[in-house]
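What follows is one structure encoded as structure tokens, with my remarks underneath.
These numbers come from a predicted model, not from an experiment.
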Amino acid sequence: MAAVALAACVLWVFRATLARYLADQHYQEHFLYLWILLALALWRTARGPYRARCGWGDARDRTGLALAAGALLCLTAHELGGSNVVGRTALVCFATAVAVLSLPGWSVGRCLAHGLLLQLCFGLPYSVYYPLTERLQWGVAQALALPVRLGFANYEVVDTVAVFPHYRLRITADCSGMGQLVTFLGIAALGVLSAAPDRWRTVRLVALAVAAAWLSNLARVGVFVLLVGLGATWSIDDATWHAAIGFAVFLPFVVAFVAHILKTHRPWQPLTAPVARPGRLPIACLGIPLLAIHLALGDRAAQSMPTPPYFAALERPPGYALALRGPTEAADRAAYETPWLVNARFAAPDGGTFDLFHYATRSRSHLCVHRIADCLTAPGVVVRYAEPVVVDGRAWWPLALDADTPDRAPRHAYFAFQVGGVRCDDSWRTQARVLGERLAGGSWDVVCTRVMFDGALPPAPTARAAAVLGWLGRLTDGSSGP
């Protein structure tokens with residue numbers, strides 16, 4: 001009964017965190033199978049006896065209580081700062097603490113390893129996922145460029161595009177190998193957690209997982225490069241064939257890796273060392289401070305954001321008229337958890353246009369501050385950052401959207417985030433600033449403005465761009481009325 005009460009308490013405290021995770025389609029699509037691996041690991045080794053009480057005189061109990069204290073600190077930071085990632089970390093720390101205290105048949109290391117796998121199940125933060133994906137994309141492109149340098153290939157590599165005389169093959173995020181890396185690490189975790197402890201086997205499996213992920217992805221991309229070079233562009237253009245060929249190349253690496261895990265497997269046996277005395281503290285009582293922190297600090301995400309004083313004026317740019325609303329405007333409002341979002345195109349009488357994407361939000365989501373380039377990446381477009389520019393005393397960060405196919409025209413954009421009255425870029429430092437501002441009791445408001453114009457990125461903003469950027473800067477900073 002105490003275990004049921006503790007589980008119910010944890011689920012209630014973290015209900016909003018879990019709901020936001022379930023609503024994140026990226027995590028659901030890419031990391032769902034990790035939960036199956038975690039369930040298999042638990043099914044293989046989660047055996048009694050179980051402890052209902054703990055003390056503080058034993059090193060194991062002190063480790064578990066320290067993890068519980070860390071979970072309480074993370075929960076406090078989550079409630080004050082509104083970070084979903086910190087909230088998930090609090091949940092993982094608390095679950096690991098309960099495992100350390102209540103499962104004497106597991107070593108502390110095994111409990112921590114299960115906690116790491118649980119953290120991986122929740123997915124990597126986008127501030128880590130996207131930069132790592134970009135680096136892996138660059139690595140794949142460099143590997144494809146090696147045969148070119150040696151004179152063995154009939155293509156050239158430009159940025160992340162393999163350019164054939166008859167086709168342009170882009171190395172997309174799906175070609176980076178990030179999915180393979182997570183898959184092999186998850187399989188390795190299952191192999192480690194379902195077997196007897198073996199430190200060197202663990203190191204070997206993790207190293208093999210990384211190597212197999214990289215090699216399997218290179219083999220997959222290499223096969224498509226070979227097929228395109230032979231004229232079989234259908235292997236890319238036909239989604240069914242593309243998926244089938246990729247799976248056929250990927251599968252032998254998985255089979256070989258699983259075969260190695262089974263070959264080196266030794267059955268797990270519970271610890272037989274003497275177990276510490278139960279102690280006087282019921283483990284279920286750890287839910288009391290968890291509940292108290294949540295009740296005391298409340299769910300600040302429920303606070304609605306008042307209408308920004310400038311919001312109505314956003315749809316009335318001087319010399320422009322609303323021409324078109326973005327088809328994803330309603331979905332964007334749901335994603336950024338705010339009604340104060342504009343995604344529209346504005347046109348001037350002389351034919352000039354600009355696209356405005358702007359939101360003001362108090363959301364807890366990591367999408368509050370995101371990599372702008374990730375939103376603009378598309379087939380046939382190469383996105384690159386440029387040095388910031390200053391318009392009317394305010395900083396803007398430029399992006400060039402260079403076209404690498406004849407059917408696309410180049411475009412460019414300028415963006416800025418505003419956190420606590422400070423203009424920022426889209427790096428992790430801005431995410432840290434948001435968290436710090438909220439922890440310090442400052443403003444929860446995050447404002448993002450992105451403006452896109454036709455044509456290649458000029459060395460300095462054109463007169464049209466400078467006028468629009470100057471107006472937007474003054475408007476959102478509150479130095480001009482609507």
Side-chain angles (χ1 to χ4, degrees), residues 3-4 6-47 67 71 74-75 78 83-100 102-103 106 109-130 132-133 173-174 177-195 202 205-206 209-210 212-213 216 243 247 250-251 253-255 257-258 261-262 265 268 364-367:
V4 173
L6 180 60
C9 175
V10 170
L11 290 175
W12 189 81
V13 169
F14 292 101
R15 66 191 186 284
T17 299
L18 294 173
R20 292 187 183 92
Y21 165 75
L22 292 174
D24 191 328
Q25 292 303 310
H26 179 84
Y27 284 154
Q28 289 302 297
E29 292 173 2
H30 289 76
F31 298 117
L32 179 61
Y33 59 87
L34 291 176
W35 291 101
I36 299 175
L37 298 179
L38 176 62
L40 288 173
L42 293 173
W43 177 72
R44 293 277 298 176
T45 62
R47 302 287 188 273
L67 285 169
C74 288
L75 179 62
H78 166 65
S83 169
N84 283 338
V85 173
V86 176
R88 294 168 187 169
T89 302
L91 176 56
V92 170
C93 283
F94 192 81
T96 306
V98 172
V100 170
S102 63
L103 288 172
W106 283 6
R110 181 174 291 273
C111 296
L112 294 176
H114 277 83
L116 289 175
L117 179 56
L118 178 59
Q119 187 72 57
L120 185 62
C121 287
F122 279 121
L124 298 174
Y126 286 159
S127 57
V128 174
Y129 182 87
Y130 283 124
L132 183 56
T133 299
D174 290 337
M178 191 66 188
Q180 287 90 329
L181 180 61
V182 174
T183 299
F184 277 103
L185 286 177
I187 296 173
L190 176 60
V192 169
L193 295 177
S194 60
T202 299
L205 287 183
V206 172
V210 174
S216 65
F247 180 75
F250 177 62
L251 185 60
F253 290 89
V254 176
V255 171
F257 187 56
V258 172
I261 291 176
L262 295 176
H265 176 80
W268 172 80
R364 293 170 175 262
S365 173
H366 44 253
L367 290 175

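Taking CG of L42 as the reference point, atom CG of L190 lies at 10.0 Å (rounded to 0.5 Å). Separation of atoms SG (C121) and CZ (R88) is listed at 12.0 Å; rounding is to 0.5 Å. To the nearest 0.5 Å, atom SG of residue C111 and atom CG of residue L193 are 10.5 Å apart. Separating the CZ atom in F253 from the CD atom in Q180 is a distance of 10.0 Å, to the nearest 0.5 Å. Taken from OH in Y21 to CG in N84, the straight-line distance is 12.5 Å, to the nearest 0.5 Å. In this structure, CG on L40 lies 11.0 Å from CD1 on I187, to the nearest 0.5 angstrom.
Between C74 and T89, the shortest heavy-atom distance links the atoms SG-CG2, 4.2 Å. Here the closest heavy-atom approach between residue G87 and residue F14 is recorded as O-CE2, 3.5 Å. The two residues S194 and H265 make their nearest non-hydrogen contact at O-CE1, 3.2 Å. Of all non-hydrogen atoms in L205 and A188, the two that sit nearest each other are O-CB, 4.0 Å.
Looking at L112 and L67, their side chains come closer than 4.5 Å, going by heavy atoms from C-beta outward. Residues R110 and L103 fail the side-chain proximity criterion, which asks for heavy atoms closer than 4.5 Å. Residues L118 and W35 have side chains in contact (heavy-atom distance under 4.5 Å, counting atoms from C-beta outward). Residues L75 and F94 are not in side-chain contact: their nearest non-hydrogen atoms beyond the backbone lie 4.5 Å or more apart. With a 4.5 Å cut-off on side-chain heavy atoms, V10 and V98 do not count as touching. Contact annotation: the side chain of L120 never approaches that of L116 to less than 4.5 Å [non-hydrogen atoms, C-beta and beyond].
W106 and H114 have parallel rings, their planes meeting at less than 30° on a 0 to 90° scale where 60° marks the start of perpendicular.
Looking at residues two or more places apart in sequence or on another chain, you find a ring pair (Phe, Tyr, Trp, His ring centres under 6.0 Å) between F184 and F250, F257. Under the rule for a side chain to side chain contact (heavy atoms under 4.5 Å, CB included), the partners of A189 that lie at least two apart in sequence or sit in another chain are L117.
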